[in-house]
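Data first, discussion second: the structure below is written as structure tokens.
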There are 2 protein chains.
Amino acid sequence: MPANRPLRTRFLSAERAARMIMHQGLAACLERLATYLVEDCRRWPEFDKTPRVASHSADGVIELMPISDHDLYAFKYVNGHPKNHRLGLSTVMAFGVLADVESGMPMLVSELTLTTALRTAAMSAVAARALARPNCRRMALIGNGAQSEFQAVAFNRLLGIDEFHLFDTDPAATAKLQHNLIRLGLVAHHFASTREAVRGCDIVTTATADKTNATILTPDMVEPGMHLNAIGGDCPGKTELHRGVLEMGKVFVEYEAQTRIEGELQQMPADFAVTELWQVLTGQLGGRSAADEVTIFDSVGFALEDYSALRFMRDLAIELGVDEEIALIPDLPDPKNLFGLIAGEGQAVRGSASAPAEDSGVPVAA
Amino acid sequence: MPANRPLRTRFLSAERAARMIMHQGLAACLERLATYLVEDCRRWPEFDKTPRVASHSADGVIELMPISDHDLYAFKYVNGHPKNHRLGLSTVMAFGVLADVESGMPMLVSELTLTTALRTAAMSAVAARALARPNCRRMALIGNGAQSEFQAVAFNRLLGIDEFHLFDTDPAATAKLQHNLIRLGLVAHHFASTREAVRGCDIVTTATADKTNATILTPDMVEPGMHLNAIGGDCPGKTELHRGVLEMGKVFVEYEAQTRIEGELQQMPADFAVTELWQVLTGQLGGRSAADEVTIFDSVGFALEDYSALRFMRDLAIELGVDEEIALIPDLPDPKNLFGLIAGEGQAVRGSASAPAEDSGVPVAA
């Protein structure tokens, strides 16, 4: 970074990010984001990884998810508040930052509510492409909330899934999803229960929001060869699968240390065997070993995926000429003279709290 | 929060924060911030506390510092890169967020580079007011970088210190500090060594930046009754005091779990006795027990201080009518329909990566 460059941080608002994604097309974005995810997962050993830092309260959780390699540091702020729709707010809201490791300078602040939905769906599809049987056509979507359309579009684009079986305890959510999928030219049927929805499906995606130990899926519903994409069980006390389901197949995770705390895995003993997905993506370990084997992606969302997503959004912004910036860091002629930033000529050390500094010459409010 | 309120996050840029502080006067801001710090320290048991999460690299560190009570969640992003001045950048750059615990909504994004300088100085003065001898007049400032003027103004305002003894290995830094202090009407003398600067002082503030185990202060320099305000030793491998100095007096810390990792305390055995400052501020424990006792504030900077600082800046912004906002979180008519944000009429699921969505109607770039 040249020494005389103004210290501006690139900013992507929620609206700007949405426009960028609309401009490129959602499916194309998911496909490209998948290449970023695979690229970064293959560099797994280069990253400084840590389980996210969670702050739990009565109604939800707020988390910070940092990660870095030698060049870039990224973190995401994200909440999970299942009752938020009653306030007219999203269950999950997020933003994130990319910073330069060499200097610590924050280079990008970006919305990540929409972007998280993309990266979660792209990651699910990357995992399923590596783990599910070839030629999958039909997927059940259990939980038809904010994440569901993204899952459908990602699985359509990356795996060719073109028939979706829908179920949610809230019929309005299912109606919304079905409407959106049909508008996209996809086949979507709704069912009266999870049991009916999953029957005959190649892949089952669970993406429910309740912060509770639910048993959305029980062993008797699971068919030989199914791939289970378990998205919703992602914090302590929040699971979706009966523990018997986990014993039916081979379990894959993003980052074992975090998934043991937050994933479906929290129900299992500490030595329950799992495989980290990056090892499959690099070819170090195998994925599915037989067509009738059950494979389970116990997904909780890991900081590396947000690193990839932030990198993708930054590159897209540069390509599209989006250059909005915010002045998050002061621009100092002499970095050791931070005081110079507020050293107005007339400033009195002992001035009273209510007296404005003399002759500051700059209005305080916009 | 009313359901139909646009989801805007208040934003304080570095320039805006500087204007607000100039408008109020630095000394008045430090004094008021000190009341916020004392208020929040006295509520210590109400906070969900955790040591900060640090990511170390060859040239520095990037940290996230979260904390929350029942109503507000706060975190700070901050780096420490001692060589940054060579790039024309500050050693320490920071920003932070206040969020609503009930919903997870981020309510404020604020610069914290300047604000951290204020809160560190205000915290030092709060500690010294509780721990130093009464009627202190003379303070040594060892390390004359970005933090030093703020320390001087805080100690002048809150303790009545009006004579400052300066030393830094960089004479230009000392010249800058002396110039700034004299302009503020304070008495400031420079010295050729730490030993000469500290002689006869009531308080010694060390605020040096080198990421190394330095011994800025050795036992033979410490006089009976001195209060030591040790600011610069604040991450593993970065200390300022000879361990013998810590054995000469009573050591006070912000948050023991963090200071054992990051403070001067990292040199001492795990059972070396310390007192958390909040216990002195609530009156639960005593501070100094004799006029000739040496007291040491082993300060590393704790998340609660940033919580207080963010609360202070938010209140000041509201009072001054500063209402700049950023659209960090998407505003959705139906929070379960995140997809609606990007569902342009003409959007094709299978559109190519380069083809723009038909009829999006909104330019991508500004």
Side-chain angles (χ1 to χ4, degrees), chain A residues 3 13-15 18-23 25 27-28 53 55 57 60 62 64 66 68 73 79 81 84-85 88-90 93 95 101 103-104 111 113 117 145-146 149 173 176 180 184 320-322 324 327-330 335-339 341-342 344 349 351 353 356-357 360 362 364-366, chain B residues 3 13-15 18-23 25 27-28 53 55 57 60 62 64 66 68 73 79 81 84-85 88-90 93 95 101 103-104 111 113 117 145-146 149 173 176 180 184 320-322 324 327-330 335-339 341-342 344 349 351 353 356-357 360 362 364-366:
Chain A
S13 70
E15 282 104 1
R19 279 185 221 167
M20 285 165 47
I21 291 162
M22 285 175 74
H23 180 272
V53 183
S55 172
S57 56
I62 297 177
L64 295 176
S68 71
Y73 171 95
N79 76 304
H81 285 70
N84 260 4
H85 61 273
L89 292 173
S90 303
M93 299 180 282
F95 64 91
V101 166
S103 67
E111 89 82 34
T113 306
E149 287 88 353
K176 171 231 42 165
N180 284 333
L184 292 169
L320 295 176
V322 172
E324 196 176 347
L328 201 56
I329 304 299
K336 286 194 183 179
N337 192 11
L338 179 59
F339 178 75
L341 201 60
I342 54 166
V349 174
S360 76
V362 194
V364 162
Chain B
S13 70
E15 282 104 1
R19 280 184 220 168
M20 286 165 47
I21 291 161
M22 284 175 74
H23 180 272
V53 183
S55 172
S57 56
I62 297 177
L64 295 176
S68 70
Y73 172 95
N79 75 304
H81 285 71
N84 261 4
H85 61 274
L89 293 173
S90 302
M93 300 180 281
F95 64 92
V101 166
S103 67
E111 89 82 35
T113 306
E149 288 87 354
K176 169 227 49 163
N180 284 333
L184 292 168
L320 295 176
V322 172
E324 195 177 348
L328 201 55
I329 303 298
K336 285 194 184 180
N337 192 12
L338 180 60
F339 178 74
L341 201 61
I342 53 166
V349 174
S360 77
V362 194
V364 162

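Below, chain A is the first sequence line, B the second, and so on; all start at residue 1. None of the values given here were measured: they were computed from a predicted structure.
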For the student: nearest non-hydrogen atoms of [X] and [Y], plus distance:
X	Y	answer
G88(A)	P335(B)	C-CG, 3.7 Å
I329(A)	A14(B)	C-CB, 3.8 Å
S103(B)	M93(A)	O-CE, 3.4 Å

Between P66(A), S55(A), A173(A), G145(A), the one whose heavy-atom pairs under 4.5 Å with chain B are most numerous: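 With the most close heavy-atom pairs to chain B, the winner is S55(A).
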
With a 4.5 angstrom heavy-atom cut-off, which part of [X] approaches chain A: side chain, backbone, both or neither?
X	value
S90(B)	both
V101(B)	both
N337(B)	both

Rounded distance [0.5 Å steps], NE2 in H85(B) versus NZ in K336(A):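 Interatomic distance, H85(B) NE2 to K336(A) NZ, rounded to 0.5 Å: 5.0 Å.
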
T113(B): which of L328(A), L338(A), L341(A) passes side chain to side chain contact (heavy atoms under 4.5 Å, CB included):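 The single option meeting the side chain to side chain contact (heavy atoms under 4.5 Å, CB included) with T113(B) is L338(A).
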
